[in-house]
Amino acid sequence: MKKIILKWMVASAALAFTVPQADAQPAAIIPQPLHIEQQDGLLTLRADMTMAYAAECEPQAAYLRQAIIGSTAYRWSTAKKKERADVVLEIDARRVPATEGYTLTIDRSGVKICGHDNGGLFYGIQTFLQLLPPAIHSKAYQPDVEWKVPYVSVSDAPNRPWRGMMLDVARYFYDKEFVKHYIDMMAMYKMNKLQFHLIDDSGWRLEIKKYPRLTEVGAWAGTDQNRLGGYYSQDDIREIIDYAAVRNVEIIPEIEFPAHMLSAVVAYPWLSCTGKQHEVPRQHFISRDLLCVGKESSYEFLADVLEETVSLFPSKYINIGGDEAVYDRWKECPKCQEVMKREGLTNVSELQGYLTNVVANMMKEKGKTVVGWEEIIMRGKVSQPVVAVIWHEVADTIKASETGHQAILSPATNLYLDFPEGKTPGEIKAATWMPPISLEKCYSMPVNDYSPASTVLGVQGCFWSDQFIHGTLLQELPLLNENRSEKYAEYLSFPRLLAVAELGWCDNATRSWQSFKQRLSKQYARLDHKGCHYRVPEPEIVKMTNVGDKVCFELAPSVEGSTIRYTTDGSYPHSHSAIYTGKVTVDRQSDFRAITEIDSRHFSLPIYFEPDFSAYEQYGTFVAEWKPANLSAGKGVWRFEATGKMVGNGTYEISFVRTRGTKSLAFGQLVQYKRDEVLAQAAPTITADASTLTATYRLTQTAFEAGVPFYIEVETDCGADPDAYGYVFVKKVE
Ligand code: ACM
Ligand code: ZN
């Protein structure tokens with residue numbers, strides 16, 4: 001029998017995906033297995049197949065039965081004798097030495113999966129499912145599919161033990177069915193840790209029996225019929241944990257303090273230094289009210305809440321949050337100041353280190369290891385070994401190892417999935433405090449130890465929900481209702497979550513962006529069958545060449561089986577636009593627009609070329625673009641969004657630069673808004689009608705707040721039939 005070796009080798013090596021038989025597809029598994037050999041031949045699954053497994057494999061055997069029953073309607077019975085079984089599931093730590101590792105063999109005699117542990121066995125099942133046609137993932141019966149699977153021999157294990165996602169259920173309450181779905185999707189791609197962000201300023205989502213007001217009061221924003229929020233009962237949590245356990249996903253509860261816990265302070269005002277009564281915020285807000293570290297009652301509260309939490313969650317870890325505390329309240333609080341004096345602390349930030357030590361010791365007694373955001377190891381010496389989630393500089397993992405701690409790589413620049421993938425106009429509204437994170441940027445993050453002692457446990461993607469807090473942002477958008485927030489979370493998480501999964505599973509040398517893209521193109525159909533929403537990728541530009549004074553485009557589909565539609569007059573492509581079949585030549589780059597169309601149902605945004613702003617460098621960074629349609633004949637107002645463009649307080653120069661059109665245009669008074677609140681106003685300092693630079697303004701920003709939308713409104717004055725196009729730029733001058 002001819003053996004096709006698909007042994008995974010060095011990253012850049014072009015892989016020879018030789019197809020052994022006309023109807024056998026080369027394996028396209030994510031994350032890429034360590035060793036996979038595809039052989040000549042196909043096994044066809046049948047209804048009368050039998051399974052054999054030991055009692056310890058029962059949860060995964062039940063999972064496999066359930067996973068295939070919907071699409072195939074096959075009910076595999078248990079074999080009388082193991083030797084006669086078509087599907088054999090085993091756990092054998094000697095045969096498979098690596099933790100979470102597995103072997104999978106498919107040949108004429110059937111399917112054999114052997115895991116190092118239950119997790120490894122589950123992962124062998126995932127690889128088996130990914131080798132079957134995508135329709136296997138459907139819950140609905142698929143009568144027309146032949147369930148053929150290639151003969152393979154797989155030996156696989158993860159590179160890192162921590163392959164995580166953080167899900168922010170505090171800013172937006174996802175019901176338990178969505179949480180289970182998210183876990184199921186993580187598990188499909190062999191991710192094994194969920195940091196469950198249960199607490200934040202805008203919501204407390206975990207039932208704590210000793211403190212009922214946490215969820216009676218702290219889980220809800222607004223009143224009566226406008227009340228938004230929700231929480232998980234302890235029974236809900238047990239159900240989620242059981243669901244995740246079968247899938248080898250460990251749930252690490254995150255109880256945030258000393259900051260990001262206003263919801264608890266609303267329920268029990270005595271938790272804060274001031275004792276002041278607040279409300280659960282209905283919009284994005286980072287409270288400065290911290291847990292008071294000078295009151296005995298705060299420590300009792302923490303001990304009680306953490307006790308109930310760790311007895312509910314079997315994970316050996318407990319996450320204590322710890323990010324973004326601003327210490328003004330502690331500076332002003334006599335009780336907190338007393339602790340500083342008593343402990344001989346010189347800097348107020350060391351109070352956080354003090355608190356971390358108290359809690360880490362408390363948790364050690366319970367046999368739990370503390371995890372938290374990087375701040376927990378940056379605010380004074382922490383004597384117990386903890387795990388820091390590094391979200392700024394990856395090199396800070398060195399600091400973790402030098403101080404006896406472990407680290408998880410979760411840099412916001414690459415792994416925060418609440419940022420958009422690109423700058424295309426029409427892209428979904430998402431976080432703006434950093435540049436977008438393309439799929440490639442996410443995938444290309446180097447995963448190193450950054451220090452000689454290997455203390456980096458792995459990687460973690462983060463999905464924050466503050467961009468649609470309580471769903472309010474989506475409610476404001478016409479045609480969307482708050483239920484769409486789940487779709488929104490999926491849109492932003494997928495496909496990048498698959499990149500994070502491969503970052504954790506494969507080492508740097510075995511990762512290849514080219515190979516990942518190719519395999520990913522075949523995964524979208526699986527996401528469709530799983531009922532998982534995702535961002536449809538634009539067609540891939542294979543080549544863009546100048547031909548004389550024209551531009552020639554050569555494209556490839558990013559999604560297997562998709563159609564590419566395009567226009568050559570700069571208009572937005574739609575479902576009746578021309579279908580791409582080969583090279584297209586246009587006069588100007590921006591005349592060409594192309595979209596991915598999947599099953600006439602799903603469309604991508606058009607391929608987008610960011611305009612070249614190099615000629616405008618003196619004006620600063622690009623903010624917005626106006627077109628004649630934004631201008632009214634006569635006097636009018638143009639409003640545009642400037643979120644993330646004037647980051648931080650200071651004085652800014654805002655310039656309006658005309659790029660096309662000759663008819664009259666003048667700009668008048670300019671107003672800056674934070675949401676609907678007027679922040680600043682300015683009159684133009686230069687106006688030059690119909691010239692290139694049309695108007696410049698200076699304004700001083702004193703109330704900057706990250707994550708809050710900012711807008712600018714400017715008066716316009718044109719003649720009939722305005723024809724001006726132009727750009728707005730901003731530059732920080734003081
Ligand atoms: C964080 O993004 N505040 C951890
Ligand atoms: Zn205090």
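Residue numbers start at 1 and run along the sequence shown. Counting starts at 1 for both ligands and their atoms, following the listed order. The figures that follow rest on heavy atoms only: side chains count, while hydrogens, waters and symmetry mates do not.
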For the 3.5 Å polar cut-off, considering only N or O atoms, please tell me whether Trp391 and ligand 1 meet it. no
In this structure, the Zn ion (ligand 2) sits at the vertex of an angle between SG of Cys292 and SG of Cys333 that rounds to 10° as 110°
Ligand 1 atoms nearer than 4.0 angstrom to some heavy atom of Glu324 are 3 (N)
protein heavy-atom neighbour closest to atom 2 (O) of ligand 1 works out as Tyr416 OH, 2.7 Å
Under the 3.5 angstrom rule, does the side chain of His533 hit a backbone N or O of Tyr491 as a donor-acceptor pair? no
With side chain to side chain donor-acceptor pair (under 3.5 Å) as the criterion, how do Tyr317 and Gln195 come out once you've worked through the C-alpha distance, each side chain's angles and the decisive distance to 0.1 Å? CA-CA 10 Å; Tyr317 297 107; Gln195 178 181 331; over 6 Å; no
Give, rounded to 10 degrees, the angle between SG (Cys273) and SG (Cys336) as seen from the Zn ion (ligand 2). 110°
Has Arg511 got its NZ or CZ under 6.0 Å from the middle of the six-membered ring of Tyr443, at an angle within 45 degrees of the ring axis? yes
Using a 4.0 Å cutoff against the non-hydrogen atoms of Trp464, which atoms of ligand 1 qualify? 1 (C), 2 (O), 4 (C)
Please report the shortest heavy-atom distance between Met186 and Lys193, naming the atom on each side. CE-O, 3.3 Å
Please answer whether the main-chain N or O of Leu206 pairs with a side-chain N or O of Trp204 as donor and acceptor at a distance below 3.5 Å. yes
Is a salt bridge present between Glu421 and Arg535, judged by a nitrogen-to-oxygen distance below 4.0 Å? yes
Atom 3 (N) of ligand 1: which protein heavy atom is closest, and how many Å away? Asp323 OD2, 2.6 Å
